[in-house]
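When reading the values below, keep in mind they use all heavy atoms of this one structure, side chains included, and skip hydrogens, waters and symmetry mates. Sequence lines set the chain letters: A, B, ... in the order given, protein chains first and strands last, and positions in each chain run from 1.
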2 protein chains.
Amino acid sequence: MSSLEHRKDEAIEYFEQRFKIKIRKKEYFFEALTHSSFLNENRKWPYNHNERLEFLGDAVLQLSSSDFIFFAYPDFSEGVLTPLRANLVNSLMLSKIALSLSLDKYLFISKGEKMSVEQFLSQLNDKTVDESKLKCYVLADAVEALFGAIYLDQGFQVAKNVIVDILKHFVSEVIEKNNQKDYKSVLQEKMQELYKKAPNYQVVKSEGPAHQVFYTVSVSINDKEIGLGDGWSKKDAEEKAAQNALKEERWK
Amino acid sequence: MSSLEHRKDEAIEYFEQRFKIKIRKKEYFFEALTHSSFLNENRKWPYNHNERLEFLGDAVLQLSSSDFIFFAYPDFSEGVLTPLRANLVNSLMLSKIALSLSLDKYLFISKGEKMSVEQFLSQLNDKTVDESKLKCYVLADAVEALFGAIYLDQGFQVAKNVIVDILKHFVSEVIEKNNQKDYKSVLQEKMQELYKKAPNYQVVKSEGPAHQVFYTVSVSINDKEIGLGDGWSKKDAEEKAAQNALKEERWK
């Protein structure tokens with residue numbers, strides 16, 4: 001049996017044990033493990049590279065992680081849940097997840113790309129390196145593609161359970177590390193970088209009785225309105241305005 | 001029966017017919033229909049506003065729309081599917097979807113907010129107005145919250161079917177309108193806006209035999225590398241580099 005056939009069997013066996021599933025359509029998993037660079041060195045390889053599965057798996061991961069923290073943190077507002085989800089599934093976290101799954105051992109990838117992945121992993125283990133500066137999409141993309149394959153082969157419920165089993169080991173670390181930076185400071189930093197000045201917040205409407213006013217706030221840069229938000233306090237309304245500004249990027 | 005109780009019954013009846021479902025937990029739907037502004041005028045209202053459900057429903061919509069176009073367009077690469085998904089579920093499209101569901105008639109919302117929604121809808125129907133300039137999150141957020149409620153009450157499969165039944169009426173219009181602008185031109189525009197210059201692409205690696213070279217390209221602005229990409233042609237590698245640059249925004 002050719003060594004590639006052997007590697008394929010090993011991968012299926014490993015994932016069936018690792019995720020406690022019986023794989024129906026092995027092709028999904030071989031595609032998820034195929035990096036585009038591999039097709040160059042293996043013309044007869046019958047599977048596509050994993051980029052379409054990565055597209056699908058990214059959304060499987062989004063819903064699974066959203067469902068997870070929605071129920072795990074019933075007291076977190078949308079304004080806290082959204083950055084938490086972003087930090088939980090960014091490319092660095094996904095690389096760590098890929099590593100925790102030993103995905104690097106099962107990828108079909110060119111020798112050149114394999115070397116850059118190994119270099120990335122050695123830097124990741126080097127505590128003197130600022131990991132936020134590290135960039136490597138191969139593992140992050142592959143882990144998303146793998147989630148896409150599980151979704152196609154086993155359905156959403158199984159995929160969600162697999163993903164939540166993984167994320168629950170990372171979530172508290174993520175909450176600690178980014179003590180939930182608020183939208184206002186994110187927008188402030190962005191505007192400082194782009195325009196060397198802070199955005200300007202103004203109350204444009206306030207409804208309701210004095211003891212409980214409902215505020216609408218406008219945020220602008222260079223006198224151009226870039227976001228609107230409302231809430232029970234000026235602070236909440238400003239947060240919402242900053243969030244909408246970051247969503248729309250109308251300063252461009 | 002109070003008029004609010006009457007409106008609640010009407011809403012449940014309407015959504016059960018509209019989506020052909022038997023609603024189990026009505027509370028999910030009342031929460032999805034509750035705009036934060038409504039709580040001000042109705043202190044005894046027993047439901048939260050819809051922002052947490054919006055957070056969840058946004059991800060339900062992401063996976064449902066991804067699954068839909070993944071299977072509907074088997075020949076679309078990830079580089080085409082990603083902007084298509086973004087255009088299919090942006091806030092303007094979601095407002096149109098909310099309108100197609102008559103969601104504006106069932107929202108629990110303050111008089112002030114209701115007026116701005118009605119103004120938005122009249123502009124939306126005014127063909128002389130450039131709709132890409134219109135901004136109104138109330139309806140877009142509510143429709144996402146509604147999808148979140150359907151997901152919680154009926155599970156992912158039912159939510160996906162409901163969403164796909166809606167999206168299939170919009171997708172071809174979306175594909176025509178944005179004839180799939182590529183990542184390179186998006187990055188080019190962004191760099192022109194921010195730095196008044198175009199990004200610079202360079203081949204940093206080329207592997208494989210002359211007749212089929214695998215390229216790695218670096219894209220940089222002001223001599224700072226902001227993205228890497230690879231592919232079978234320089235053009236593909238440049239597209240990937242632009243895509244990664246847009247993903248990471250390392251120019252900041």
K.L.:
State the CG-CG distance between A:Leu152 and B:Asp67, to the nearest 0.5 angstrom.
P.N.:
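One gets 7.5 Å once the value is rounded to the nearest 0.5 Å.
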
K.L.:
Please classify the contact of A:Tyr73 with chain B as side chain, backbone, both or neither, using a heavy-atom distance under 4.5 Å.
P.N.:
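Looking at A:Tyr73, just its backbone touches chain B.
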
K.L.:
Contact part of A:Leu194 toward chain B, heavy-atom cut-off under 4.5 Å: side chain, backbone, both or neither?
P.N.:
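The answer is the side chain of A:Leu194.
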
K.L.:
Measure distances from A:Asn40 to the heavy atoms of chain B and classify the residue's part below 4.5 Å as side chain, backbone, both or neither.
P.N.:
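Looking at A:Asn40, backbone and side chain both touch chain B.
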
K.L.:
If you tally heavy-atom pairs under 4.5 Å against chain A, which of B:Asn244, B:Leu53, B:Leu228 wins?
P.N.:
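Sorted descending by pairs with chain A, the first entry is B:Asn244.
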
K.L.:
Against chain B, work out which of A:Lys247, A:Lys190, A:Glu54, A:Glu41 has the most heavy-atom pairs shorter than 4.5 Å and name it.
P.N.:
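Among the listed options, the one with the most contacts to chain B is A:Lys190.
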
K.L.:
Do B:Asp58 and A:Arg85 come close enough that some side-chain heavy atom pair is under 4.5 Å?
P.N.:
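B:Asp58 vs A:Arg85: side chains touch.
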
K.L.:
Is the number of heavy atoms from other residues, nucleotides or ligands within 6.0 Å of CD (A:Gln202) greater than 12?
P.N.:
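Count not over threshold, so no.
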
K.L.:
Indicate the atoms forming the closest heavy-atom contact of B:Leu63 with A:Tyr151, along with that distance.
P.N.:
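It is CD2-CE1, 4.0 Å.
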
K.L.:
As an exercise, state the distance from NZ of B:Lys111 to CD of A:Glu207, rounded to the nearest 0.5 Å.
P.N.:
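The NZ atom of B:Lys111 sits 9.5 Å away from the CD atom of A:Glu207.
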
K.L.:
Given a strict heavy-atom distance threshold of 4.5 Å, which part of A:Ser110 is in contact with chain B: side chain, backbone, both, or neither?
P.N.:
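Side chain of A:Ser110 only, per the 4.5 Å heavy-atom cut-off to chain B.
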
K.L.:
Could you state the interatomic distance from CG (B:Leu56) to CZ (A:Phe70), rounded to the nearest 0.5 Å?
P.N.:
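With rounding to 0.5 Å, CG (B:Leu56) is 5.0 Å from CZ (A:Phe70).
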
K.L.:
Relative to chain B, which segment of A:Ser64 carries a heavy atom at a distance below 4.5 Å: side chain, backbone, both, or neither?
P.N.:
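Neither part, no heavy atoms under 4.5 Å.
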
K.L.:
Looking only at heavy atoms, which two atoms of A:Ser36 and B:Phe214 are closest? And how far apart?
P.N.:
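Here A:Ser36 and B:Phe214 meet closest at OG-CZ, 4.1 Å.
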
K.L.:
Got B:Glu51 and A:Thr82 here, is their nearest side-chain heavy-atom distance under 4.5 Å?
P.N.:
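The answer is no; the side chains never approach within 4.5 Å.
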
K.L.:
Select, from A:Arg52, A:Lys205, A:Gln62, the one with the greatest count of heavy-atom pairs under 4.5 Å involving chain B.
P.N.:
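Looking at each option in turn, the highest pair count goes to A:Arg52.
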
K.L.:
Within residues 137-148 of chain B, which positions have a heavy-atom distance to chain A below 4.5 Å?
P.N.:
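So far as heavy atoms go, B:Tyr137, B:Asp141 are the residues that approach chain A to under 4.5 Å.
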
